[in-house]
Engineer: 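A single structure is presented below for examination.
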Protein chains: 2
Amino acid sequence: MATAVPPQDPHGAEKPLSRIQQRNRQRILEAALEVFSAQGFRGATLDEIADCAAMSKPNMLYYFDSKEAIHVALLNTLMQEWLAPLEALDDADEPLEAIMSYVLTKLEMSRRMPRESRLFANEILQGAPRMGPHLEAGLKPLFDAKCALIRQWIDQGEIAAVDPEHLLFTIWAVTQHYADFEAQVGVLVGHSSAGWERARTHVEKMFRSLLTPRPA
Amino acid sequence: MATAVPPQDPHGAEKPLSRIQQRNRQRILEAALEVFSAQGFRGATLDEIADCAAMSKPNMLYYFDSKEAIHVALLNTLMQEWLAPLEALDDADEPLEAIMSYVLTKLEMSRRMPRESRLFANEILQGAPRMGPHLEAGLKPLFDAKCALIRQWIDQGEIAAVDPEHLLFTIWAVTQHYADFEAQVGVLVGHSSAGWERARTHVEKMFRSLLTPRPA
DNA sequence: TCGTGACTTGACCAAATGGTAAAAAACCAG
DNA sequence: CTGGTTTTTTACCATTTGGTCAAGTCACGA
C-alpha cells in the first residue's frame with residue numbers, strides 16, 4: 001500500500017514540496033521556457049526539454065504528468081509575472097507618467113525576458129488553446145479595470161483622448177514586437193544595445209506625444 | 001528511360017506547369033497556409049495538410065519534394081504579396097497621406113489575410129530559420145530604401161520628426177497585432193465588425209497625430 | 001483508338017515522439 | 001545502520017511522422 005504518488009499539483013491538499021522537488025521543477029520549467037518559446041507547443045519535444053534540463057525524460061515525467069502539464073504549469077507560473085506591470089498601473093498623481101512608466105517597463109521586459117514574450121506570443125498565435133480560460137478569468141477583468149481607469153484619466157483631462165482598449169493593444173503590440181520579432185528587427189537594424197536605446201527613445205517620444213493632452 | 005520527373009521548380013529550365021499542376025500546387029499551398037499559419041512549421045504535419053487539401057500524402061509529395069519545400073514555396077509566394085504595400089509607398093504629393101494609406105492598408109490586410117500574417121509571425125517568432133536569407137536579400141533593401149524616403153520627407157518638413165526605422169516597426173507591430181493576437185483581442189473586446197471599425201479609427205487617429213508636423 | 005507520359009494511390013518504412021513499467025539508487029527518519 | 005520513501009534510470013511500447021516505392025489509373029496527342 002501507500003505507493004509513491006507523483007508530486008503533482010492538483011487542487012487540494014498540497015504537500016509542501018521538498019527541496020529536491022522545488023529545484024527540479026524549477027529546472028524543468030526553465031528548460032520548458034527555453035524550448036516552448038522557441039518552438040511552440042506542438043513543435044517542442046519532451047526529449048529536447050529533458051536535454052535542456054539535463055534530466056532524463058522519465059524523470060521529468062515524474063514531476064509533471066505530461067507535456068501539456070508542463071506547458072500549463074509554465075503559463076500559469078509566468079502569467080502573474082507577465083501581468084504584474086499592468087496591475088501596478090494604478091491611480092497616481094501623474095497619470096501620464098504612470099502610463100509612460102508602464103510602457104517603458106513593458107519595453108524593458110521585452111529586452112530582458114524575450115522568451116517569456118515569445119512563449120505567450122506562440123500560445124496566442126495558435127489560438128490560445130491552453131490559455132483560453134486564463135484569458136477570460138485572469139486577463140479580462142484586469143484589462144477592463146485598467147481601461148476604466150484610463151477612461152477616467154481622460155475624462156479628467158489628465159491625458160489625451162484615446163481609445164483605452166486600443167491604447168493597451170498598441171502598447172502591447174509595440175513593446176512586445178521587439179521581443180517577438182527580434183529576428184526581423186535584428187536583420188533590419190541590428191540588435192546592439194545602442195539599437196535598444198534608439199527603440200526606447202522612439203517608443204517614449206511616441207507615446208508621450210500621443211498621450212499628452214493638447215489644448216483645444 | 002526518360003522516367004517521369006516530378007514537377008519541381010529548381011532554378012533552370014522551367015517547364016510551363018500544366019493546368020493540373022497549377023491547380024494542385026495551388027490547392028496544396030492553400031492548405032499549407034491554413035495549417036502552417038495555425039501550427040507553425042514544426043507543429044504542422046503533412047497528413048494534416050494533405051487532408052486539408054483533400055489529397056493523399058504521396059500525391060502531395062509528388063508536387064513538392066518535402067515539408068520544407070512546401071513551406072519555402074509558400075513563404076516565397078506570399079512574401080511579394082505581403083510586401084507590396086510597402087513597395088507602393090513612394091514619393092507622392094502628400095507624404096503624410098501616403099503613409100496613412102500604407103497604415104490603413106496594412107490594417108486591412110490584417111483583417112482580410114490573418115493567416116498570412118500569422119504564417120510570417122510564426123516564422124519570425126521561431127527565429128526565421130527558413131527565411132533568414134529572404135529577409136536579408138528581399139526585405140532589408142526595401143526597408144532601407146523606404147526609411148531613406150521617410151527621412152527625406154522629414155527633412156522637407158512634410159511629416160513630423162520620427163525615427164523612420166522604428167516608425168515602420170511600430171506600424172507593423174500595431175497593424176499585425178490585430179491578426180496575430182486575434183485570439184486575445186477577441187476575448188478582450190470581441191471581434192465584431194464594429195470592433196474592427198473602432199480599431200481602424202484608433203489606429204488612424206494615432207498615426208495621424210504622430211506624423212502631423214507641429215509648428216515649433 | 002491507343003500508347004505514352006503525367007498523375008494517383010495503397011502499402012510500406014525508419015525514425016521520432018509521448019508516455020509507461022519496474023527495478024535500481026539515493027535519501028532520510030528512527 | 002536500517003527500512004521505508006523518494007528519486008532516477010534502463011528498457012520498452014504504441015503511435016505518429018516525414019518520406020519512399022512500385023503498381024496502378026488517367027489524360028491526351030497522334
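The chains referred to below are lettered A, B, ... by the order of the sequence lines, with proteins before strands, and numbering in each begins at 1. All of these numbers come straight from a predicted model, not from anything done at the bench.
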Engineer: For B:I49 and D:dG18, what is the distance between atoms CD1 and C1' respectively, to the nearest whole Å?
Structural biologist: 11 Å
Engineer: Rounded to whole angstrom units, what separation is found between the CZ atom of B:F36 and the C1' atom of D:dG18?
Structural biologist: 11 Å
Engineer: Is the phosphate of D:dT7, meaning OP1 or OP2, less than 4.0 Å from a side-chain N or O of A:Y62?
Structural biologist: yes
Engineer: Are A:T170 and B:H202 linked by a side-chain donor-acceptor pair shorter than 3.5 Å?
Structural biologist: yes
Engineer: Tabulate protein N/O versus nucleotide N/O from nucleotides 11-20 of chain C, keeping only pairs under 3.5 Å, one per line.
Structural biologist:
from, atom 1, to, atom 2, distance (Å)
C:dG18, OP1, A:A44, O, 3.3
C:dG18, OP1, A:K67, NZ, 3.0
C:dG18, OP2, A:L46, N, 2.8
C:dG18, N7, A:K57, NZ, 3.0
C:dG19, OP2, A:K67, N, 2.9

Engineer: If only atom types and distance count, is the side chain of B:R118 paired as donor or acceptor with the main-chain N or O of B:A179 below 3.5 Å?
Structural biologist: yes
Engineer: Check whether any side-chain nitrogen or oxygen of A:N24 sits under 4.0 Å from OP1 or OP2 of D:dT8, and answer yes or no.
Structural biologist: yes
Engineer: B:D51 has an atom CG; how far is it from atom P of D:dG18, in whole Å?
Structural biologist: 12 Å
Engineer: OP1 or OP2 of C:dA6 sitting under 4.0 Å from any side-chain N/O of B:Q21?
Structural biologist: no
Engineer: Picking from C:dC7, D:dT7, C:dT9, which would you name as closest to the side chain of B:S56?
Structural biologist: C:dT9
Engineer: May I have the distance from A:R23 (atom CZ) to C:dC27 (atom C1'), rounded to whole angstrom?
Structural biologist: 12 Å
Engineer: Compare the minimum distances between each of C:dC7, D:dT8, D:dT6 and the side chain of B:Y63, then state the nucleotide with the smallest one.
Structural biologist: C:dC7
Engineer: Whether B:K140 and B:E136 form a salt bridge (side-chain N of Lys/Arg under 4.0 Å from carboxylate O of Asp/Glu) is what I want to check.
Structural biologist: no
Engineer: Can you tell me how far C1' of D:dT7 sits from CZ of A:R25, to the nearest Å?
Structural biologist: 14 Å
Engineer: So does B:K57 pair up with B:E48, basic N to acidic O under 4.0 Å?
Structural biologist: no
Engineer: Can you tell me how far CD of A:E30 sits from CZ of A:R25, rounded to the nearest 0.5 angstrom?
Structural biologist: 15.5 Å
Engineer: Between D:dG18 atom P and B:Q39 atom CD, what is the distance in whole Å?
Structural biologist: 12 Å
Engineer: Should A:E182 and A:R115 count as an ion pair when the cut-off is N to O under 4.0 Å?
Structural biologist: no
Engineer: Ring centroid separation for A:F120 and A:F36, is it under 6.0 angstrom?
Structural biologist: no
Engineer: For the pair made of CD1 in B:I28 and C1' in C:dC7, what is the distance, rounded to whole Å?
Structural biologist: 12 Å
Engineer: To the nearest angstrom, how far is A:N59 atom CG from D:dT9 atom P?
Structural biologist: 5 Å
